[in-house]
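Structure first, commentary second.
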4 protein chains.
Amino acid sequence: MNDGSGMPVKTEERLRKPRADAIRNRERVLEAAKAVFSAGGVEASLEAVARRAGVGIGTLYRHFPTREALFEAVYRREVEQLSDLAARLQSEAAPVEALRLWLRANVEFVATKKGMAAALAIATSGTSELTIFSFARLTKAVGGLLARAVAAGDVRADVSAEDLLRTLVGMCLLHDQPGWQAGVVRMLDVLIDGLRVSAPTRRKK
Amino acid sequence: MNDGSGMPVKTEERLRKPRADAIRNRERVLEAAKAVFSAGGVEASLEAVARRAGVGIGTLYRHFPTREALFEAVYRREVEQLSDLAARLQSEAAPVEALRLWLRANVEFVATKKGMAAALAIATSGTSELTIFSFARLTKAVGGLLARAVAAGDVRADVSAEDLLRTLVGMCLLHDQPGWQAGVVRMLDVLIDGLRVSAPTRRKK
Amino acid sequence: MNDGSGMPVKTEERLRKPRADAIRNRERVLEAAKAVFSAGGVEASLEAVARRAGVGIGTLYRHFPTREALFEAVYRREVEQLSDLAARLQSEAAPVEALRLWLRANVEFVATKKGMAAALAIATSGTSELTIFSFARLTKAVGGLLARAVAAGDVRADVSAEDLLRTLVGMCLLHDQPGWQAGVVRMLDVLIDGLRVSAPTRRKK
Amino acid sequence: MNDGSGMPVKTEERLRKPRADAIRNRERVLEAAKAVFSAGGVEASLEAVARRAGVGIGTLYRHFPTREALFEAVYRREVEQLSDLAARLQSEAAPVEALRLWLRANVEFVATKKGMAAALAIATSGTSELTIFSFARLTKAVGGLLARAVAAGDVRADVSAEDLLRTLVGMCLLHDQPGWQAGVVRMLDVLIDGLRVSAPTRRKK
DNA sequence: AATGAATGAGGGTTCATTCAT
DNA sequence: TATGAATGAACCCTCATTCAT
């Protein structure tokens, strides 16, 4: 899989040419898919994606042989962003605040990219090998924040990362009601208050 | 044909036509719909419902001329049961406990009748007039319990019934993971702790 | 089939009871069918007919076991009216005028009962045994008028009743254009002028 | 991939993609549609058309996204041929003869391509913008011939092109009876005799 | 590699017709 | 007899996926 050396070892002349446009097309499809899944929901047709990307449907299939593969590719980067954010918050905010901010960031994501809700739902309940990876990554992200808060003595220890993640995602699934975003943020605060070990500082809005 | 009494009973209010099979079929379709909506989500095919119910697709359409009508019929009874339970709990348990029990009852419902999750989701996010009614009814149920707890000074006043209901439903939506039920019950306790005005009594498992 | 006498001859007790409502229902269905076929075209659903008649679909089928049978029954009386009219015109108008009036009467029929066009079309092109009878009857009607005019020396002899009937019906089939009725009447006059043996008296409107 | 000349031809106006099969399929669908619409009327099922054409239903829809589009494609060429013929006859035959020949050509068309009857019927009674165009074209065709005959003093002036066209089409609609074609030709002659201003030359068969 | 034509399964829906009550 | 419930074939149409060019 990896050449490993800087010198051409194989006779595969394929390595040279076909890069530029192939990569551009792949990128275009990803962009289009994000937009289309956001706007039209997860059920959007792949033809619509291809059309928006300005490529043939066949090209889409070359890059992403199944619908799942495309979906995976689309939200993998989102998952990575959230994961990275968790790492950053670990060192940039107090334990409980870091947790709160990360949870809210998720809400933001769903608010701006409707497709994310489905993506997260799949990540948390899907059975495919691909989604398992994403679930693990997100669990690790929230688990790290949670563990730090527990270690600091701020948060009770009997709640698992999985449960918290699942709750978060569930809360975001019903994002079609007016005012859902404010409601979810409010409930996250309530939840965090419930998590606190003692004297839950009632935060003022 | 004969009412068994020996005397002709001609009063037209007598069942003009028995329809043993019609009733049975209607029931079967409802059962099937509950199961299928549970497994396949709200978008499940009506043909699948008919197939599972063991009736022709035409029969399904006769009883429920629109998809909406079927939904409505499926979840109306569940919604009513939950609504009735809330009324009963109002007078049979202490405010916070009543709230907790009702929330848990919802989880039970979803656990035993998978269809409920979809039903609740529809009730909380549907846009049809029918679902609006159901949403209102559930909101009223939880709102009553919430208001009582607030009035008793046990629970903070800045959380709306809508938000609480939506959170509950969201938490139940991902019910395919192993151990989801225990996790949700745990998170509900956390949530209630967060709702308490003071000294959250940490409940022991 | 016919009792023939005024005294009960058969032990078939069925002869007494079931008349009144059965006949009424048959009549109602016929009326409804005429209305529905007129309004909704020939493709109208039989359920719609039954609904309009206020009877069950089963009842409709009891009286008219096939769609064809119903259709036949509906337009048979219309055909009979046209046939009777031809007989009357034979003795009440001059040969050519009688022909003209009868042709126009057909147009009137179609104008007031849209279904008639289809009925006539079926009568002239249908292959079922039932329609053959109607075709024969109408052919005889127009044939009588035509023969009389030929015998009087007013009309050429090389046009068959079938051709004339078919032409008439065809002209009426396109009855959806605005002004079709006046147009058809005008063309019928032209046709009659063409039929005349000599000096076609140009009729003034 | 290579134009065979040995030199790269990059001009984009070159056929970007040959689609031998696509063209063949389109043609097949058109043929099938003509046949099926003829046999089963305008309401014939598109699935039947696809079946007869030997292509998948999806292919039919790709080429003709709506039923209307298929109609349009089917009869446009026929209408054009008839229109062109009218233009040619204007200069190649005496006024009345030109009219007669054109009317007969229509009969021929229907006789050889049964689909034409439906096509003409649609053209004369359809309400879509497409059919209006076709109706206008045919009206213009017959109108030109008619006007020339009127100008020559051969034909009465009080018959409109629309009426004449509609009559012609109606006459051809019932083309399932044996001997219909001879009958229609005969009636067309009668009609033309009726149209003549004076001394209708009785044509011998 | 890219394209887009072809395919057909599948979902929604209607209705003619049969059959149990 | 009258009723209307049940059935399923047939239509329409969409789209995921395959394949020839």
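In what follows, every chain begins at residue 1, and chains take the letters A, B, ... in the order their sequences are listed. Computed from a prediction, not measured in an experiment: that's the story for all the values here.
Rounded to whole Å, atom C1' of F:dA16 lies 12 Å from atom CZ of A:F37. When rounded to the nearest whole Å, the span between CZ of D:F64 and C1' of F:dC13 equals 17 Å. The distance between atom CD of C:E68 and atom C1' of E:dT17, rounded to the nearest whole Å, is 15 Å. Between A:E47 atom CD and F:dT17 atom C1' the separation is 10 Å, expressed in whole Å. Note: CG (B:L60) to P (E:dG12) measures 10 Å, nearest angstrom. In this entry the distance linking CG of D:D21 with C1' of F:dC19 reads 10 Å, nearest Å. Between C:F71 atom CZ and E:dA16 atom P there is a gap of 13 Å when expressed in whole angstrom units. What separates CG of B:L70 from P of E:dG11 is a distance of 15 Å, to the nearest Å.
In this structure, A:R77 pairs ionically with A:E27, as a charged nitrogen and a carboxylate oxygen lie closer than 4.0 Å.
Side-chain atoms of B:Y61 lie closest to E:dT13 of the nucleotides E:dA1, E:dT13, F:dA6. Taking the side chain of C:A22 as heavy atoms from C-beta on, and the options E:dA2, F:dA16, F:dA2, the nearest nucleotide is F:dA2. Minimum atom distance to the side chain of C:I57 is reached by E:dT17, of the listed F:dT7, F:dC11, E:dT17.
Put simply, the side chain of A:S38 gets close to the backbone of A:K34: a donor and an acceptor are under 3.5 Å apart.
Across all strands, D:R51 comes closer than 4.0 Å only to sugar-phosphate atoms, never to a base (heavy-atom distances).
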Requested in this report: Kindly indicate, with the supporting measurements, whether the criterion ring pair (Phe, Tyr, Trp, His ring centres under 6.0 Å) is fulfilled by C:F71 and C:Y75.
Outcome: CA-CA 6 Å; C:F71 211 75; C:Y75 69 73; 5.4 Å; yes
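Note on D:H63: a side-chain N or O is less than 4.0 Å away from OP1 or OP2 of E:dA6. Between C:T59 and the phosphate of F:dT3, there is a side-chain N or O to OP1/OP2 separation shorter than 4.0 Å. The phosphate of E:dC19 (OP1 or OP2) has no side-chain N or O of C:R62 nearer than 4.0 angstrom. Listed pair B:N25 / F:dA6 meets the phosphate criterion, a side-chain N or O lying under 4.0 Å from OP1 or OP2.
Along DNA chain F, the nucleotide nearest to B:G54 and the one nearest to D:S45 differ in position, and the one closer to the 5' end is contacted by B:G54. Between B:L46 and C:E43, the residue whose closest nucleotide on DNA chain E is further toward the 5' end is B:L46. Across the interface with DNA chain E, nearest-nucleotide mapping of D:G56 and B:R67 shows D:G56 to be the residue nearer the 5′ end.
At least one side-chain heavy atom of A:N25 sits under 4.5 Å from a side-chain heavy atom of A:R28. Residues A:R26 and A:I23 have side chains not in contact (no heavy-atom distance under 4.5 Å, counting atoms from C-beta outward). Within the 4.5 Å cutoff, the side chain of A:R76 has no heavy atoms near those of the A:S134 side chain. For the pair C:F64 and C:L46, the minimum side-chain heavy-atom distance is 4.5 Å or more.
Between C:A73 and C:L30, the shortest heavy-atom distance links the atoms CB-CD2, 3.7 Å.
Taking a pair as Watson-Crick or G-U wobble with both distances under 3.5 Å, DNA chain F forms stems of 3 or more consecutive pairs at E:2-21 with F:2-21.
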